[in-house]
Amino acid sequence: MSDHDTPVTDTTVPSAGAAAAEDVVARVLARAESRASGFSLFADGAAQALQRSDTAAGSGFDGDQFDRDDRQSLRRVAGLSTELDDVTEVEYRQLRLENVVIIGVYSQGTLSDAENSLHELAALAETAGAVVLDGLLQRRPHPDPSTYFGKGKAEELRAIVASLGADTVIADTELAPSQRRALEDVVKVKVIDRTAVILDIFSQHAKSREGKAQVELAQLEYLLPRLRGWGESMSRQAGGQVGGAGAGMGSRGPGETKIELDRRRIHTRMAKLRRQIAAMKPAREAKRANRRRNAVPGVAIAGYTNAGKSSLLNRITSAGVLVENALFATLDATVRKNTTTDGRPYTLADTVGFVRALPHQLVEAFRSTLEEVADSDVVVHVVDGSHPDPAGQIATVRDVLGEAGARGIPEIVVFNKSDLVSDDDRLVLRGLEPGAVFVSSRTGEGISELLARIDAILPRPSVEVELLVPYDRGDLVTLLHERNTVLSTEYEEQGTHVRALINPEYEERLGAFAVTH
């Protein structure tokens, strides 16, 4: 099979037939230009996986998002260089955004799927703090085992990188250490892969102590097999009577090299981080045990990154969780309380988002966060209805939920951003998930229907009891009203006569006050 480039064009969701026709024309013209030039340049604007800032702007109160200003104040500014003309400007310089070229190889699937994956990689790069200059796709039976791209295509990539002045090349896969080194030797700039970009985003956005420890552990697991030695000059020489504790002949040699020392230090640090994460587990277990003891059901909001999970939580509870038009904007689990229409309390937990080809290091490191999903009673699966590949998002999220042990939990599929979805697309999405709920965190559409669906699925008290509660145990009557369903109440001389439906967890506690006939 011959190698060829496939253009990568920036597309947005069409709002009408005319817009769709213009999009097709633009794609055809872009392909014609790419055949003449050998590659295609990304159009101006955000990557396809990110919505425009004007369409993503929400209306209504989402709570006080105090983290937003802090994060924006550290945002790097394009066009400003770290090189200074005057040394007196040192206090005012700002970091320069990296200019990157993204590359991908696909052997199966359609061209549209490959382009969507590359657009998602562009969105990841933008979130990490880079400017995507160009994207290259190559179709071949399998990636080259040496340089990922074929020899001729790698030379063409080097010419593109030199002509555009790019700093970095990002591959849309997890590169083997040997592939990364070989490709760097060809293109003469830094080469990283999709996993490194995701880990970088996580390290920027982690806020809690546990989240930072989880990200650092994942980064060290990724770094360990990719350490590079720098020759004998970095070795600890151990020769003569000094080496080997004066053992003399046979003990002379390079001793412990710097790369071996680095490996040992990384292993030591990873062991310490695992102990720290394990030490944080009892606190989470205590909180969950307290909720289980009080029979408080849990609802977990899960879904693809940038699908609008935090926006949905804010819309329902005014939680004030950071909402940003970026991938993996929030990593730490946020739990808020809500009540059903009949007064039953339950918790809503916002969890970390998922992405296609999520690095296994992150799945393992964030397993403690994913426990919130596994221990919930209902999973609200949020899908970006305006995304070009919602079926792929659904499949990816369900795969990760299965790894987390949440496959058998009742699921409510929610197509968010419905205000950006046309009527024709709604029919397609309805065929994809017939029982789904269409909501908009921006306008409030469908929120009441979603809450009613949660109300219907949450477990209800099922054990009918008849109790005579003494007047000095008013706390039990309050418990019956707050955590269970009271059917009737009568006040007698000995106490309060109550008929109620209770959760099985309370049978033993209330059994002493049961009325026997």
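Residue numbers start at 1 and run along the sequence shown. Just so it is clear, the structure is predicted and the values come from calculations on it, not from any experiment.
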Determine the minimum heavy-atom distance between A166 and V101, stating which atoms define it.
CB-CG2, 3.8 Å
Any carboxylate oxygen within less than 4.0 angstrom of a Lys/Arg side-chain nitrogen, looking at K417 and D384?
yes
Please confirm whether the backbone N or O of D144 pairs with a side-chain atom of Q179, one donor and one acceptor, at under 3.5 Å?
yes
Heavy-atom side-chain proximity of V169 to V189 below 4.5 angstrom
yes
Would you please name every residue forming a salt bridge (Lys or Arg N to Asp or Glu O under 4.0 Å) with R453, sequence neighbours left out?
E449
Roughly how far, to the nearest 0.5 Å, is the CG atom of L223 from the CG atom of L199?
10.0 Å
Test item: Y106 and D172 side chains (from C-beta on) under 4.5 Å apart, heavy atoms
no
Look at the side chain of S376 and the backbone N and O of G298, then say whether any donor-acceptor pair between them is shorter than 3.5 Å.
no
Could you tell me the separation between the CG atom of L451 and the OG1 atom of T339, rounded to the nearest 0.5 Å?
9.5 Å
Side-chain contact test, heavy atoms from C-beta onward, threshold under 4.5 Å: evaluate it for L510 versus L480 and give yes or no.
yes
Partner residues of A125 under the side-chain contact (heavy atoms from CB on, under 4.5 Å) criterion, sequence neighbours left out
V100, A130, V132, I170
Not counting sequence neighbours, which residues clear salt bridge (Lys or Arg N to Asp or Glu O under 4.0 Å) with R209? List them please.
none
Below 4.0 angstrom, N of the basic side chain to O of the carboxylate: do R226 and E184 qualify?
no
Check the pair L312 / I447 against side-chain contact (heavy atoms from CB on, under 4.5 Å), numbers first and verdict last.
CA-CA 9 Å; L312 186 61; I447 297 296; 3.6 Å; yes
Check the pair R194 / E120 against salt bridge (Lys or Arg N to Asp or Glu O under 4.0 Å), numbers first and verdict last.
CA-CA 10 Å; R194 180 189 183 95; E120 184 175 88; 2.4 Å; yes
I'd like to know if the side chain of Y304 reaches the main chain of T396, judged simply by a donor and an acceptor atom lying under 3.5 Å from each other, with no hydrogens or angles considered.
no
Quick check for you: to the nearest 0.5 Å, what is the distance between L273 atom CG and I266 atom CD1?
11.5 Å
Report yes or no: does T173 contribute a side-chain atom to a donor-acceptor pair with the main-chain N or O of L175 at less than 3.5 Å?
no
Can a donor-acceptor pair be found, under 3.5 Å and without considering hydrogens, that links the side chain of Q214 to the backbone of I277?
no
Residue list, salt bridge (Lys or Arg N to Asp or Glu O under 4.0 Å) with D389, at least two apart or on another chain:
R356
Would the distance check show the side chain of D167 and the main-chain N or O of N99 forming a donor-acceptor pair, the cut-off being under 3.5 Å?
yes
For F438, ring pair (Phe, Tyr, Trp, His ring centres under 6.0 Å) partners two or more places apart
F415
For Q393 and V383, which heavy atoms make the closest approach, and how far apart are they?
OE1-CG1, 3.8 Å
Which pair of non-hydrogen atoms, one from I192 and one from A196, has the smallest distance, and what is that distance?
CB-CB, 4.1 Å
Side chain proximity check, D193 to R180, heavy atoms < 4.5 angstrom
no
Taking the side chain as every heavy atom from C-beta outward, state whether S441 and N314 have any pair of such atoms under 4.5 Å apart.
no
Expected output: side-chain S203 to main-chain D200 donor-acceptor under 3.5 Å
yes
Check step by step if side-chain contact (heavy atoms from CB on, under 4.5 Å) holds for L137 and E115.
CA-CA 8 Å; L137 268 177; E115 287 186 348; 4.0 Å; yes
L124 side, atom CG; I201 side, atom CD1 - distance, nearest 0.5 Å:
4.5 Å
When every non-hydrogen atom of A213 is compared with those of Q276, the smallest separation belongs to CB-OE1, 4.4 Å
side-chain contact (heavy atoms from CB on, under 4.5 Å), that's the test. Do K190 and E98 meet it? Break it down for me.
CA-CA 11 Å; K190 179 176 64 175; E98 281 189 81; 3.1 Å; yes
I'd like to check the salt bridge (Lys or Arg N to Asp or Glu O under 4.0 Å) partners of R274; sequence neighbours left out, ordered by chain and number.
E221
Of all the heavy-atom pairs spanning L118 and L136, show the shortest one and how long it is.
CD2-O, 3.9 Å
Any heavy-atom pair between the side chains of L224 and R263 that's under 4.5 Å?
yes
What distance separates I457 CD1 from E411 CD, expressed to the nearest 0.5 Å?
9.5 Å
Worked check of side-chain contact (heavy atoms from CB on, under 4.5 Å) between Y346 and V378:
CA-CA 10 Å; Y346 63 92; V378 179; over 6 Å; no
If every non-hydrogen atom of A182 is compared with every non-hydrogen atom of T147, which pair is closest and at what distance?
CB-CG2, 3.8 Å
Can you find a side-chain donor-acceptor pair between N338 and T317 that sits under 3.5 Å?
no
Separation of D350 CG from L313 CG (nearest 0.5 Å)
5.5 Å
